[in-house]
There are 2 protein chains.
Amino acid sequence: MDTSVLLQHLSDYIELTPQEQEHFCQHLLPKKVAKRGFLLQTGQICRHSFFVHQGILRGYTLDQSGGEHLLSFAPAGWWMADLYSLFSQQPGQLFIQAMVDTEVWLLPKQAQEQLYLDIPKLERYFRILVEKSLVASQQRLIDNLSRTAEERYAQFERRFPDLISQVPQKYIASYIGVTPEFFSKMRANWLKRGNNSVPKKLSSQGCLPEAFNFP
Amino acid sequence: MDTSVLLQHLSDYIELTPQEQEHFCQHLLPKKVAKRGFLLQTGQICRHSFFVHQGILRGYTLDQSGGEHLLSFAPAGWWMADLYSLFSQQPGQLFIQAMVDTEVWLLPKQAQEQLYLDIPKLERYFRILVEKSLVASQQRLIDNLSRTAEERYAQFERRFPDLISQVPQKYIASYIGVTPEFFSKMRANWLKRGNNSVPKKLSSQGCLPEAFNFP
DNA sequence: CCTTTACCATAACCTAGATTAAGAAAACAG
DNA sequence: CTGTTTTCTTAATCTAGGTTATGGTAAAGG
């Protein structure tokens with residue numbers, strides 16, 4: 001397992017000297033998690049940020065009646081965490097699960113704090129990522145308040161062209177906030193209406209670079 | 001107009017020397033905006049962060065059919081901005097309006113960037129605020145996906161006890177994502193059921209300190 | 001003082017999407 | 001290759017919340 005994907009990501013935002021890269025990487029712990037395996041479960045304290053080197057993670061919660069609500073996907077090149085729990089070091093409510101066999105780098109909370117002091121540029125890196133996440137999160141809020149399920153799916157399609165063919169569609173339904181049944185119906189209407197932009201393998205250029213999920 | 005509220009807020013997160021405080025304050029511009037006045041409108045580029053010294057702001061968007069969707073309130077002691085526009089310096093979609101006569105401090109984007117370099121502690125300050133905002137935004141997303149309108153109102157009540165008696169309830173309705181009519185109906189049922197926790201002047205201790213809105 | 005402009009309440013009706021319940025079709029394990 | 005599990009589809013019924021409409025009260029404002 002190598003750090004190339006992560007270092008590339010860092011270099012999109014800040015410039016680190018080879019020594020700084022070295023120092024950063026010393027704090028990383030590799031981890032493999034099999035399909036359906038968990039990196040975190042409700043009630044646990046999130047003690048690491050996870051950087052997805054390969055694979056796909058999802059973060060979701062359960063409501064009172066056991067319904068899943070998918071807060072975020074994290075394909076390769078994304079960070080993931082239960083942010084509430086990570087920042088506050090209180091027990092969180094998120095499950096973080098691998099949707100396929102996945103390899104991640106763990107960055108311990110402690111190390112992250114230390115790195116902010118050792119290499120202030122990293123504070124900038126994570127500030128910018130959090131800013132982007134916040135914008136994305138607010139946009140999703142607005143979309144949930146003001147757009148129909150179909151429009152939300154169209155957004156999703158633009159934002160995550162790759163995921164559509166890679167993850168079961170019930171998870172996509174959960175992300176945009178509808179039941180799998182309704183999602184299926186919606187899709188059927190869609191095809192009937194000739195709006196043929198549904199599953200065809202799209203421009204496979206990875207997820208849009210401005211989309212993040214955490215630090 | 002004095003900077004005490006803002007400096008107090010800063011000191012909750014970082015310690016600045018008197019000189020640093022002075023340097024920070026030199027970049028601030030005071031502004032008064034009357035009730036219903038706008039600090040920003042759709043299509044404009046957001047060139048400042050706004051710190052509410054006194055009064056209340058709201059940030060909202062319009063959908064295709066002219067419906068308002070309230071993204072955030074900012075009472076005294078909160079930061080406000082169209083974050084997408086501020087970060088990207090592209091035209092935004094938010095209206096930022098005063099709900100009562102309001103006094104704000106403007107922190108120009110340029111100055112903010114410069115201050116990150118001059119006083120790295122400020123980068124930390126804003127990083128932490130953005131982190132908290134992100135957690136709040138994600139929580140609100142989860143709530144919108146998994147809780148009923150009534151539960152969302154209960155949350156709101158806990159989170160913004162003061163606002164309830166200070167702003168017209170149609171705005172609260174918009175914030176939690178229902179129409180004013182439905183909100184009214186809900187409230188009526190509520191009272192009928194004897195759940196008498198609706199408008200009584202609650203513990204007036206200001207908004208919970210962990211709730212933010214931006215930097 | 002009277003008018004206008006917010007703001008709030010109530011009620012009848014309507015629709016997007018939930019829920020429940022099946023089956024069909026993949027994916028997967030043995 | 002066969003049995004099992006997971007995923008997808010379809011369809012009937014149901015409900016939370018939206019829409020439209022109408023009247024009422026409070027408070028700006030001339």
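If you're wondering where the values come from, they're calculated on a predicted model, not measured in any experiment. Chain naming here is simple, since letters A, B, ... match the order of the sequence lines and numbering starts at 1 in each.
Residue K35(A) is classed as a sugar-phosphate contact, given heavy-atom separations below 4.0 Å to backbone atoms only.
A sub-4.0 Å separation between OP1 or OP2 of dG17(C) and a side-chain N or O of T148(A) is present.
Here the C1' atom of nucleotide dA21(C) and the NZ atom of K185(A) are 14 Å apart, to the nearest Å. The nearest whole Å value for the distance from the CE atom in M99(A) to the C1' atom in dT6(D) is 13 Å. Look at CG on L145(A): it is 14 Å from C1' on dG18(D), rounded to the nearest Å. Separating the CZ atom of F182(A) from the P atom of dA21(C) is a distance of 21 Å, rounded to the nearest angstrom. Atom pair R147(A):CZ and dA16(C):P shows a separation of 16 Å (rounding to whole Å applied). Going from atom CG of N189(A) over to atom P of dT9(D) covers 12 Å, rounded to whole Å. In this structure, CG of D101(A) is placed 15 Å from C1' of dA27(C), rounded to the nearest angstrom. Look at CE on M186(B): it is 14 Å from P on dC8(C), rounded to the nearest Å.
Counting only N and O atoms by type, the side chains of D82(B) and Q93(B) include no donor and acceptor under 3.5 Å apart. Between the side chains of S49(A) and Q112(A), a donor-acceptor pair is found at a separation under 3.5 Å. Between the side chains of Q155(A) and R152(A), not a single donor N or O lies within less than 3.5 Å of an accepting N or O.
Listed by residue number, the members of residues 168-181 of chain B with any heavy atom below 4.0 angstrom from DNA chain D are G177(B), V178(B), T179(B), E181(B).
Checking R36(B) against F183(A), the closest nucleotide of DNA chain C that is more toward the 5' end is the one next to R36(B).
Among I96(B), T61(B), L94(B), the one residue that satisfies the side-chain contact (heavy atoms from CB on, under 4.5 Å) test with L71(B) is L94(B).
The ring of W190(A) has its center closer than 6.0 angstrom to the ring center of Y153(A). Aromatic pair F51(A)/W78(A): centroids not less than 6.0 angstrom apart.
Note on E150(B) versus R187(B): no salt bridge recorded, every NZ/NE/NH1/NH2 to OD/OE distance being 4.0 Å or above.
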